[in-house]
Amino acid sequence: MAVKKAILPVAGLGTRFLPASKAIPKEMVTVVDRPAIEYVVKEAVAAGIEQIILVTHSSKASIENYFDRNFELETTLESKKKFDLLKEITEILPAHVSIVSVRQPQPLGLGHAVLCAKDVVGDEDFAVLLPDVLVKDSDVTNDLSLMIQRFNETQASQIMVEAVPDHLVDQYGIVDVSSSPNEGQSIVMQGIVEKPAIGTAPSNLSVVGRYILPAKIMQLLEQTPKGAGNEIQLTDAIAKLQEKEIVEAYRMKGQTFDCGSKIGYLKAVLHYGIEHPKLGSDFKKLIQELAL
Ligand code: G1P
């Protein structure tokens with residue numbers, strides 16, 4: 001069965017992004033001219049995803065509102081003949097894509113967040129995209145599409161990874177592989193560990209936050225005890241899966257921006273800003289002026 005569903009865990013309170021995230025969800029913070037979450041949803045849709053499952057929190061209704069129609073706004077834009085804007089706001093989500101939300105009632109970790117979507121996922125294999133990280137394509141075919149292709153061919157779960165400096169390994173899931181794959185390639189994983197202490201990591205290949213997983217991982221998540229940070233970790237369930245069957249690390253080709261951190265966010269604004277079809281050239285000039 002093709003991978004058509006994607007879980008986006010958005011229940012986190014975004015403490016790394018305070019004060020901006022005090023009264024709006026961190027996922028709604030604007031990167032150039034649209035909220036960060038839109039880039040992640042577009043990435044999933046470009047890879048063929050047709051149902052976005054938000055695992056969310058009571059304070060985050062603006063995310064659902066953003067992807068919903070807004071009749072009052074649409075009518076106003078229409079009566080003012082602002083058709084370009086009308087087109088833009090009605091085309092945020094293609095008609096064949098639906099958004100479903102479930103709540104994560106308690107902050108028990110990423111593994112728990114994914115498990116909250118169990119009933120919506122049912123018996124289908126699925127993608128997970130962590131919305132703090134924006135993945136910018138280096139190619140027409142995005143990395144997530146390549147992971148789904150590989151999953152369809154091999155039935156091996158795919159975990160997107162990128163190399164990080166050795167002193168940062170304790171901030172990420174880290175995979176154990178016999179050799180480092182080339183960009184765009186998958187390699188069988190020997191293990192995976194969540195936030196290893198510096199000096200103990202099996203490699204410097206970090207889990208980016210894009211996964212293609214089989215429906216059965218939900219059963220493993222149900223049995224996963226609390227791990228690193230006293231939270232139920234998705235990484236620990238993947239480690240259990242990898243003891244039973246082949247799981248592969250996919251080394252990405254694109255570039256990541258960690259919008260959960262302030263400096264990562266600023267970097268994203270610069271990179272997406274200079275490539276913006278309407279604002280890009282003026283924005284580039286502005287950066288050049290400031291750099292003098
Ligand atoms: C989560 C995952 C971790 C991954 C990271 C990527 O950690 O548990 O394996 O490397 O996202 O951003 P978190 O950043 O939520 O602590």
Side-chain angles (χ1 to χ4, degrees), residues 6-18 21 25-27 36-37 39-40 43-44 54-57 60 104 106-117 127-136 143-144 147 157-177 189 191-198 200-213 217 220-221 224-242 247-252 254-265 267-268:
I7 300 177
L8 274 62
V10 296
L13 292 180
T15 45
R16 285 196 297 160
F17 219 82
L18 285 168
S21 54
K26 64 178 188 298
E27 296 80 5
I37 185 92
Y39 295 87
V40 182
E43 177 193 348
L54 300 172
V55 180
T56 187
H57 179 269
K60 299 210 162 185
Q104 184 184 20
Q106 283 173 287
L108 298 179
L110 175 60
H112 176 256
V114 171
L115 187 55
C116 289
V128 176
L129 291 89
L130 306 189
D132 275 357
V133 181
L134 302 189
V135 172
K136 197 157 160 297
D143 282 300
L144 196 69
M147 289 167 75
S157 298
Q158 301 291 313
I159 315 297
M160 193 191 284
V161 297
E162 70 172 342
V164 289
D166 289 336
H167 70 277
L168 296 179
V169 290
D170 60 350
Q171 296 180 18
Y172 299 96
I174 301 288
V175 298
D176 186 358
V177 283
M189 262 170 42
I192 183 169
V193 52
E194 184 67 17
K195 304 192 173 82
I198 292 166
T200 68
S203 75
N204 70 340
L205 291 176
S206 75
V207 174
V208 167
R210 300 292 185 271
Y211 313 77
I212 309 296
L213 297 169
I217 197 142
L220 296 171
L221 279 169
T224 302
K226 286 182 177 172
N230 204 28
E231 292 185 338
I232 298 170
Q233 296 291 350
L234 180 59
T235 297
D236 294 343
I238 295 170
K240 280 272 173 268
L241 182 70
Q242 182 266 324
V247 175
E248 293 184 334
Y250 167 83
R251 184 157 182 190
M252 67 183 305
Q255 196 180 356
T256 56
F257 299 96
D258 178 10
C259 284
S261 88
K262 291 177 186 177
I263 200 73
Y265 164 77
K267 202 169 155 189

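Both ligands and their constituent atoms are indexed starting at 1 by order of listing.
Taking every heavy atom of both residues into account, H112 and Q104 meet most closely at ND1-NE2, 2.9 Å. Across every non-hydrogen atom of A237 and L220, the tightest pair is O-CD1, 3.9 Å. In plain terms, the two heavy atoms of V169 and N204 that are nearest each other are CG1-CA, 4.2 Å. Minimum heavy-atom separation, I7 to A117: CD1-CB, 3.6 Å.
Near Q233, with a cut-off below 4.0 Å to any heavy atom, the atoms of ligand 1 are 8 (O). Less than 4.0 angstrom separates some heavy atom of T235 from each of these atoms of ligand 1: 9 (O). Heavy-atom proximity to G173, at under 4.0 Å, picks out these atoms of ligand 1: 3 (C), 4 (C), 9 (O), 10 (O). Heavy-atom proximity to K195, at under 4.0 Å, picks out these atoms of ligand 1: 7 (O), 13 (P), 16 (O).
Shown here are the salt bridge (charged side-chain N to carboxylate O under 4.0 Å, His left out) partners of K226, two or more places apart in sequence or in another chain: there are none.
The part of V208 lying near ligand 1 is the backbone, judged by heavy-atom distances below 4.0 Å. Heavy atoms from both the backbone and the side chain of V207 come within less than 4.0 Å of ligand 1.
You'll find the side chain of P202 reaches within 4.5 Å of the side chain of I174, heavy atoms only.
Considering each of V128, L130, I159, V164, the one bringing a non-hydrogen atom nearest atom 1 (C) of ligand 1 is L130.
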Distance-only criterion, 3.5 Å: show the donor-acceptor pairs between side-chain atoms of residues 205-213 and protein atoms not counting sequence neighbours.
| unit_1 | atom_1 | unit_2 | atom_2 | d |
| --- | --- | --- | --- | --- |
| S206 | OG | E162 | O | 3.2 |
| R210 | NE | E43 | OE1 | 3.1 |
| R210 | NE | E43 | OE2 | 2.8 |
| R210 | NH1 | L130 | O | 3.0 |
| R210 | NH2 | E43 | OE1 | 2.9 |
| R210 | NH2 | V133 | O | 2.6 |

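In terms of protein heavy-atom proximity, atom 9 (O) of ligand 1 is closest to E194 OE1, 2.7 Å.
Note that atom 13 (P) of ligand 1 has protein non-hydrogen atoms nearby, at separations under 4.0 angstrom.
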